[in-house]
Structure formats: structure tokens, C-alpha cells
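One structure is given below, encoded as C-alpha cells.
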2 protein chains.
Amino acid sequence: MEKQQLITKLREKGFKVTPQRIDICRFILSSKEHPTADRVYQEMLRKHPTISIATVYQTLHLLNKIGLIEEMGSSVGISRYDPNTSPHINIICKNCGKIRDYEEESVRELWSQIITKLKVTPVGQHLEVYIYCDKCKELGT
Amino acid sequence: MEKQQLITKLREKGFKVTPQRIDICRFILSSKEHPTADRVYQEMLRKHPTISIATVYQTLHLLNKIGLIEEMGSSVGISRYDPNTSPHINIICKNCGKIRDYEEESVRELWSQIITKLKVTPVGQHLEVYIYCDKCKELGT
DNA sequence: AATTAGATTATAATGATTATTATTTAAGTA
DNA sequence: TACTTAAATAATAATCATTATAATCTAATT
């Protein structure tokens with residue numbers, strides 16, 4: 001998403017455009033690493049040394065509300081954020097928590113077949129497959 | 001799972017069989033409501049008035065470890081526990097958090113097609129579809 | 001009955017997230 | 001351009017699910 005497009009989107013949703021907000025949005029929207037709030041905060045500190053983590057949370061929540069990112073819960077009690085809101089599979093190591101995306105047209109097709117059977121109107125989805133990654137398997141978990 | 005079968009399973013995995021443990025296991029393993037740890041704790045208090053919530057957590061974790069239940073993370077920071085470990089869809093209200101299961105042979109079939117493409121060895125999965133349930137839609141979210 | 005490794009209880013500690021409040025600022029208006 | 005104000009930010013306190021700790025207690029073996 002272009003910077004100008006982002007600014008327009010924020011304004012049309014009634015949110016003010018601040019430097020902190022722009023940088024948080026740009027970072028998370030282009031991120032491939034499913035970062036935690038703290039990871040985003042650490043990144044922002046480089047450019048905004050006095051930024052508050054509350055600002056990071058507030059921005060992540062608003063992006064979630066307007067549908068630009070998905071909040072991924074986890075069993076260790078830390079949320080991660082994913083800018084990819086289309087149906088795709090997150091391959092997650094049950095040991096180290098590392099996430100890899102599997103994005104394929106065939107997944108979207110098969111998934112839409114499943115959804116059709118459900119007779120509901122989805123507003124999002126999380127498809128998570130748990131594995132033990134090569135690194136963790138080597139180390140014996 | 002029968003009581004005797006459960007006892008055997010616990011013993012063969014090297015765990016001691018205590019009254020608290022049996023009751024926690026029996027409750028969660030037959031539960032359809034994806035309870036939280038606190039929900040399990042409240043239920044156990046009826047029969048074991050001095051039970052500690054630490055015991056509940058310990059037992060839920062051991063059941064998860066031996067593969068009898070799945071821990072479901074959530075974005076509100078509370079885990080729920082599901083004794084249904086086969087591939088099925090959890091239909092979750094994004095507003096009130098209520099979970100409904102959708103369990104169909106066709107889901108398992110389509111899912112296994114997806115897994116085949118992944119070329120990984122899954123040790124579990126969570127398929128979550130987010131909706132707004134009828135009750136929450138009525139109340140205007 | 002004695003032994004002991006593991007379980008339980010009670011409670012303290014942890015840590016991610018949320019709430020609060022004073023201050024600052026974006027953005028509309030005169 | 002200066003004024004206004006509703007919203008955003010920063011700093012910090014509060015919350016609360018979960019985990020850690022330590023002192024009993026007990027299941028299961030000898």
C-alpha cells in the first residue's frame with residue numbers, strides 16, 4: 001500500500017494522521033515476519049525514541065478494526081500481527097513459535113469450498129498447522 | 001474415553017493418578033464448550049473445594065503434551081482447551097468469543113488435500129473462522 | 001509400614017495488555 | 001496565519017491470565 005493511499009484510508013475512517021501512526025502502519029503492513037507488538041515497538045524506537053508502547057497497541061488495534069491486519073492469538077499469551085488477511089496457511093513451530101506462510105491459489109480454492117458448506121459469513125480466518133521445525137527437530141525439541 | 005482407559009493412559013505415560021487429576025481429565029475430555037482454565041477450575045471447586053488453579057493448569061498442560069487435548073490461543077490472551085484433536089473448524093464470534101464446532105468428513109478430506117501440498121508433518125492444526133454470531137449482530141455488535 | 005518421587009496447595013512473581021491522565025498535536029475554521 | 005478542539009501521544013499505573021516457588025502431602029513401590 002502506498003503512503004498516500006494509507007493516509008487517505010486513515011482520514012476517511014476518521015483517524016488522524018500522525019508521524020508515529022504512519023511509521024507503525026508502514027512497518028506492519030509490509031512485514032512478512034508476523035511481529036509482536038513489542039517487536040514493532042522496538043523497531044519504532046529507532047526513529048521515535050520517545051514513542052510509547054501504548055501508541056503501538058492503539059495503532060495495531062485500529063488497523064485490525066479497519067481490516068488491514070489480523071491479530072493472531074497464541075497459546076503463549078502473546079499476539080502477533082499479520083498484514084496478509086486473505087485465506088492462507090500459517091505453519092507454526094510448536095516449539096519455537098516461528099511462523100512460515102503458505103500462500104497458494106489452491107488453498108484459497110479448497111478453503112472457499114469448505115466455507116460454502118458452513119453457511120456463514122466469515123469476517124476472517126486463521127488456518128494454522130503446527131509442526132516442529134527442522135532446527136527444533138535437530139536440537140531434540 | 002473410559003475412566004479405566006484414562007487411568008491406564010496416565011500411568012503408562014508416567015503420571016500419577018490422583019482424584020483431582022481424574023476429575024479434571026474427565027471434565028475436559030467430555031467437554032463440548034472449549035472451556036478456559038478458570039472455567040475448569042470453577043467446575044472442580046464443586047467437588048474439590050480446596051483445589052488449586054495451579055493443579056488445573058498442570059493437568060491441562062500434561063493432557064496437551066500427551067495429545068489428548070489442544071490448547072487454543074486467542075487474541076484476548078485467554079487460552080481455551082479442546083478435546084477434539086481431529087481437523088475441524090471452530091466458528092468463533094469475533095465479538096463475544098463464543099465457539100461453535102463444524103465437524104464434517106468433507107472438511108477432513110479437503111484439509112488433507114491441503115496438507116498433502118504442504119509437504120510437512122503436522123502435529124496439530126487450528127482452523128478458525130471468525131463471524132459475528134446472530135445474537136451479537138442483533139445487538140449491533 | 002517405610003520410602004520417595006511426584007502432586008497438590010497456597011501464594012508470590014511475571015509479563016503482556018489495557019486503562020488513566022496530563023500534555024501535545026492534527027486539522028478544521030475564522 | 002492564528003485559534004479551537006477533539007483526538008493522539010507519552011508516561012505510568014492497573015489488570016489479570018499464567019507461571020514459578022516452596023512447603024506439605026500422597027500415590028505407588030519396596
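Chain identifiers are assigned alphabetically (A, B, ...) following the order of the sequence lines, protein sequences preceding nucleic acid strands; residue numbering begins at 1 within each chain. What you are looking at is a predicted structure, and each value in this text was computed from that prediction instead of being measured.
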Side-chain N,O (B/Arg21) to OP1/OP2 (C/dT8) below 4.0 Å: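 Yes, such a contact exists.
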A/Gln20 side chain near D/dA10 phosphate (N/O to OP1/OP2, under 4.0 Å):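 For D/dA10, OP1 or OP2 has a side-chain N or O of A/Gln20 closer than 4.0 Å.
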B/Thr55 side chain to B/Ile51 backbone, donor-acceptor under 3.5 Å: no
Donor-acceptor under 3.5 Å (B/Arg80 side chain, B/His34 main chain):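 At least one qualifying donor-acceptor pair exists.
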For A/Pro83 against A/Ile69, the heavy-atom pair lying closest together: CA-CG2, 3.9 Å
Smallest separation among heavy atoms of B/Phe27 and B/Met44, with atom names: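 Closest pair (atom of B/Phe27, atom of B/Met44, distance): CB-CE, 3.6 Å.
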Nearest-Å distance, [atom1] ([X]) to [atom2] ([N])?
X	N	atom1	atom2	answer
A/Gln58	C/dT25	CD	C1'	14 Å
B/His48	C/dA7	NE2	C1'	13 Å
A/Leu62	D/dA8	CG	C1'	11 Å
B/Leu63	C/dA7	CG	P	13 Å
A/Leu45	D/dT9	CG	C1'	14 Å
A/Ile7	C/dA26	CD1	P	12 Å
B/Leu60	C/dA7	CG	C1'	15 Å

Touch class at under 4.0 angstrom, heavy-atom based, for B/Thr55 against every strand present: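 Result for B/Thr55 = base.
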Side chain proximity check, [X] to [Y], heavy atoms < 4.5 angstrom:
X	Y	result
B/Pro19	B/Ile22	no
A/Arg39	A/Glu33	yes
B/Thr36	B/Gln42	no
A/Glu103	A/Arg108	yes

Angle between terminal axes - the helix from C/dA1-D/dT30 to C/dA30-D/dT1, 5 pairs each end, rounded to 10°: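 So the angle between the two local helix axes works out to 30°.
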Under 4.0 Å protein heavy-atom contact, by nucleotide of nucleotides 14-29 of chain D - B base, S sugar-phosphate only: ---SSBB------BS-
Side chains of A/Glu71 and A/Ser79, donor plus acceptor under 3.5 Å: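 Yes.
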